[in-house]
Amino acid sequence: MKETRGIPCQANPPEPMDNQSFKQYRLKKEPTASKIDFKAELNSEQYQVVTGGDGPCLVLAGPGSGKTRTLVYRVAFLLSQFIPPDRILLLTFTNKAAREMLRRVELLLGRYPTGLVGGTFHHAGNLALRRYADRIGYRRNFTILDRSDSKDCLAEVVGEMRLGKERYFPKADVLQGIISFSVNSCQDLAAVLDRQYPYLARFQSEIERAAAAYQARKLAANSMDYDDLLSQWNRLLVYCPEARDYFQDRFRSILVDEYQDTNRLQFEILKSLAGRHGNLMVVGDDAQSIYSFRAAEVRNTLDFKKFFPGARIARLETNYRSVPEILELANRSIAHNQNQFPKELKSTRPAGPRPVLVVTQNAFSEARFVAQRLLELREEGTALSDIAVLFRARYQVTELELELAARGIPYLIRGGIRFYEQAHIKDVLAYLKLLVNDRDELAWRRILLQLDGIGPGYFRRFWSRVSAAPVPMETFLEPDSSSGLPFRSRPGFAGLQKLFRELRRDEYAGQPAAQIKAVLEGDYRSYCLSNYTDGPERLREIEELARIALQAENTERFLAETVMGENFKGESFDGNGGEEQEMLTLSTIHQAKGLEWKAVFIISLADGRFPFARALEEPEGLEEERRLFYVAITRAKQYLYLMQPVIEYGWEGNQVQRLSTFVQELPESDYETWLAGDSNGSAG
DNA sequence: TTCCAGACGTTTTTT
DNA sequence: ACGTCTGGAA
């Protein structure tokens, strides 16, 4: 999978498209697409979409209407029309959705079509920038900052500018949110402050200065944050005609899944990419727009026709997934929203069981019920892998995790802390980052602060000297480069120099797995064991990381994919590491989008937990939460359990919680109600 | 300046 | 219960 995806990162300028090389693709590589009998395999709605002509097209698709399938078949159709795979761009929003999409392309065609670029917007942005970053002032070997890196960087900037001294000046977290929203929504900071942070408006000029300094800092470190992968890509398309021409020519067909989640910035990118030919097919469902906190613009969907005059609009309103009882519940729920395209979803499935509201005493009895019921379902023939438990926020699932662990039920948890965001993983990645980009200030910082006797102060001195050098790594490796650092740090510093001398030898070049091993064999193993109580476990994870790295093409690619979260299926390790093992899925609703299970439990359906209290502070908050509920319900094919814990086991004693608004507003005839039988809902 | 200990407040969703 | 912040000692 790794080597077949994406634009190769080559140093030379793009070659012109020539038909000769495309012919080879047609004849040798993609015979399968032309053999597909589209008419036989698709229903009439889907067929219209799949075989429709070029030009802009908006597909409004309800849940379970086979929209990803339609998109995948559209790709196959294009290939069968002799369009070479490398002239197709397939975009979506999350890694999860991207993986699913690409998996199905592969499944349908028998193999991944060589050259087809598919993945998240960030993935595509990364590839585009690897090719052209030098045109906008960066170098092509830039490294990528994850959320906490960029937060640290921002905190550093604020500290140096002495802005933090102002009372109530926003903390780095908040600042990052503001800046990120401004970038993604293409609004200037003043507008964002005005509309969403009026209480911070008095800091406007300071925030603007901090944002500018942050941007400059990243440029100097030759590193980009997640937002840069989009905004710099967009800059490239706007300011570099050569790059724009290249991408406009190269991608003669662009397909976007989960379009309702795109934001203004992504829209601008799409406009540039599809600007010349307009061959843009987007598929989405406004009722499933759940990323407004990331500046998703439902207007992109609602006003598609305005932006792309002459656009076709197609609808997929048949639902193949859920039994009518579940679909009925979903339709009733979403009808409470004002802002939407009303849709008439029809189920094709025969009648099934009614959804069930299960009232339990508290989160522990809720967990017990779920565990017990899912074992029964398994007895009745539903595979564990066909069951999911969905929740609004990560912390809501802890009681269930305990219960599952106690019963030895295997599960895969999605959402929450990501594998690559853990300290020990980031530590190791920092070494690799320096091998790729020795201007990466945050990587240097991370590594040097591990040394005894070096803190932020000494690091600053070190970096102001070394960053001025033409090649920071060379300067670092010079014998006297530790001058100015405290005596105590000298052994560690020398060890670090030795490690990097080793890592720069040819046999490590482009071999991230070998590099990771060398880092471990340096001082990191001891560091890990002496700093973390669960050191051995962390080491095991690092070895796992090395195993994954074996698959990577080179270090640069490995780092980018890892930081963008593409390398880990479940974002965390499961005990057995077996992919095919029968496992229950635990997932945030956000991450569950686009997936389906035979049986679905939605836990924590109490006001305040879901709808989530803090989300209601936003103006459109309740509607977005309801869309989230809608997404959750429509994941279920046959069995749907709505779980209500009555008593909140909180810090300030126990409190009775109201049933979630989203269930209350449904007619009681649409579901059954069960009272979970166990009375000893003790807090274990 | 670094580093440790203890207090504090805090808990969304993703790239 | 968990990372982040603060203050004080080395």
Side-chain angles (χ1 to χ4, degrees), chain A residues 91-98 119-126 144-152 155 159 164 171-173 176-177 180-181 183-184 224-231 233 258 261-263 265-266 289-296 390-399 402 414-418 420-423 448-462 484-489 531 560-566 571 587-593 604 608-618 621 624-625 627-629 631-632 649-651:
Chain A
L91 294 172
T92 186
F93 204 61
T94 60
N95 280 312
K96 180 84 90 56
T120 60
F121 277 86
H122 293 83
H123 175 85
N126 175 50
I144 300 172
L145 306 181
D146 72 10
R147 218 181 114 99
S148 72
D149 289 333
S150 67
K151 196 192 88 183
D152 292 347
K171 295 270 178 280
D173 262 329
Q176 186 186 41
S180 179
F181 198 91
V183 171
N184 281 291
M224 299 201 195
D225 63 19
Y226 290 141
D227 297 333
D228 285 322
L229 294 176
L230 301 181
S231 66
W233 182 18
E258 308 286 9
D261 290 325
T262 54
N263 56 41
L265 180 53
Q266 288 162 325
S289 172
I290 54 175
Y291 282 98
S292 68
F293 67 94
R294 253 173 78 179
L390 307 183
F391 42 89
R392 176 64 179 86
R394 177 68 168 73
Y395 71 89
Q396 295 171 347
V397 82
T398 42
E399 288 87 355
L402 291 174
R414 301 177 175 282
I417 314 109
R418 285 185 196 37
Y420 60 89
E421 283 176 357
Q422 299 178 80
L448 285 177
L449 288 193
Q450 287 169 13
L451 299 181
D452 259 5
I454 295 187
Y458 281 117
F459 173 73
R460 206 165 297 145
R461 286 181 216 175
F462 166 84
L485 297 181
F487 220 68
R488 197 144 76 93
S489 68
N531 278 272
E561 286 171 359
T562 303
V563 177
M564 288 189 295
E566 292 172 14
E571 272 88 32
S587 173
T588 61
I589 299 168
H590 281 88
Q591 288 217 349
K593 189 147 68 114
S604 242
R609 292 162 77 85
F610 190 17
F612 198 74
R614 273 185 60 173
L616 300 184
E617 291 163 11
E618 301 291 311
E624 174 138 329
E625 292 288 293
R627 290 193 292 265
L628 201 52
F629 183 61
V631 169
Y649 178 70
W651 323 266

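By convention in this document, chain letters (A, B, ...) are assigned in the order of the sequence lines, proteins followed by strands, and residues within each chain are numbered from 1.
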**Prompt:** Considering residues at least two apart in sequence or located in another chain, which fulfil the side-chain contact (heavy atoms from CB on, under 4.5 Å) criterion with A:R461?
**Reply:** A:Y458

**For A:A423, side-chain contact (heavy atoms from CB on, under 4.5 Å) partners two or more places apart** = A:R446, A:Y532, A:R538

**Message:** A:Y291: which residues meet the ring-ring contact (aromatic ring centres under 6.0 Å, His included) condition with it, sequence neighbours left out?
**Reply:** A:F93, A:F293, A:H590

**Request:** Between C:dT4 and B:dT13, how far apart are the P atoms? Round to whole Å, please.
**Result:** 15 Å

**Request:** Provide the distance between the two P atoms, one in B:dT11 and one in C:dT6, to the nearest whole Å.
**Result:** 16 Å

Show each protein N/O and nucleotides 3-8 of chain B N/O combination with a separation under 3.5 Å, one pair to a line.
{"residue": "B:dC3", "atom": "OP1", "partner": "A:G453", "partner atom": "N", "Å": "2.6"}

**Prompt:** Stem ranges for DNA chain C, with three or more consecutive Watson-Crick or G-U pairs under 3.5 Å?
**Reply:** B:1-9 with C:2-10

Which whole-number value in Å describes the distance from [X] [atom1] to [N] [atom2]?
X	N	atom1	atom2	answer
A:L448	B:dT2	CG	C1'	15 Å
A:F629	B:dT12	CZ	C1'	18 Å
A:D173	B:dT12	CG	P	10 Å
A:R460	B:dT2	CZ	C1'	13 Å
A:L485	B:dT2	CG	C1'	13 Å
A:I290	B:dT14	CD1	P	9 Å

**Request:** Please figure out whether A:T94 or A:P456 has its closest DNA chain B nucleotide nearer the 5' end.
**Result:** A:P456

**Asked** Between A:I290 and A:V631, which heavy-atom pair has the shortest distance, and what is it?
**Response** CG2-CG2, 4.3 Å

**Message:** Would you call the rings of A:H122 and A:Y226 parallel, tilted or perpendicular, taking 30° and 60° as the class edges?
**Reply:** perpendicular

**Request:** Counting heavy atoms from C-beta on, name the nucleotide in B:dT15, B:dT2, B:dT12 closest to the side chain of A:Y458.
**Result:** B:dT2

**Message:** Measuring from the side chain of A:R614 (C-beta onward, heavy atoms only), which nucleotide among B:dT14, B:dT11, B:dT15 has the closest atom?
**Reply:** B:dT11

**Prompt:** By centroid distance (under 5.5 Å) and plane angle (under 30°), are A:F612 and B:dT13 in a stacked arrangement?
**Reply:** no

**Asked** Which residue, A:K593, A:R627, A:R294, forms the salt bridge (Lys or Arg N to Asp or Glu O under 4.0 Å) with A:D261?
**Response** A:K593

**Prompt:** Within the side chain of A:E624, is there an N or O that forms a donor-acceptor pair under 3.5 Å with the backbone of A:G621?
**Reply:** no

**Prompt:** Can you tell me if A:S150 and A:Q176 form a side-chain donor-acceptor pair at under 3.5 Å?
**Reply:** yes

**Prompt:** Would you say the base of B:dT13 and the side-chain of A:R294 have a donor-acceptor pair closer than 3.5 Å?
**Reply:** no

All N/O contacts under 3.5 Å from nucleotides 3-9 of chain C to the protein, with atom names and distances to one decimal?
none

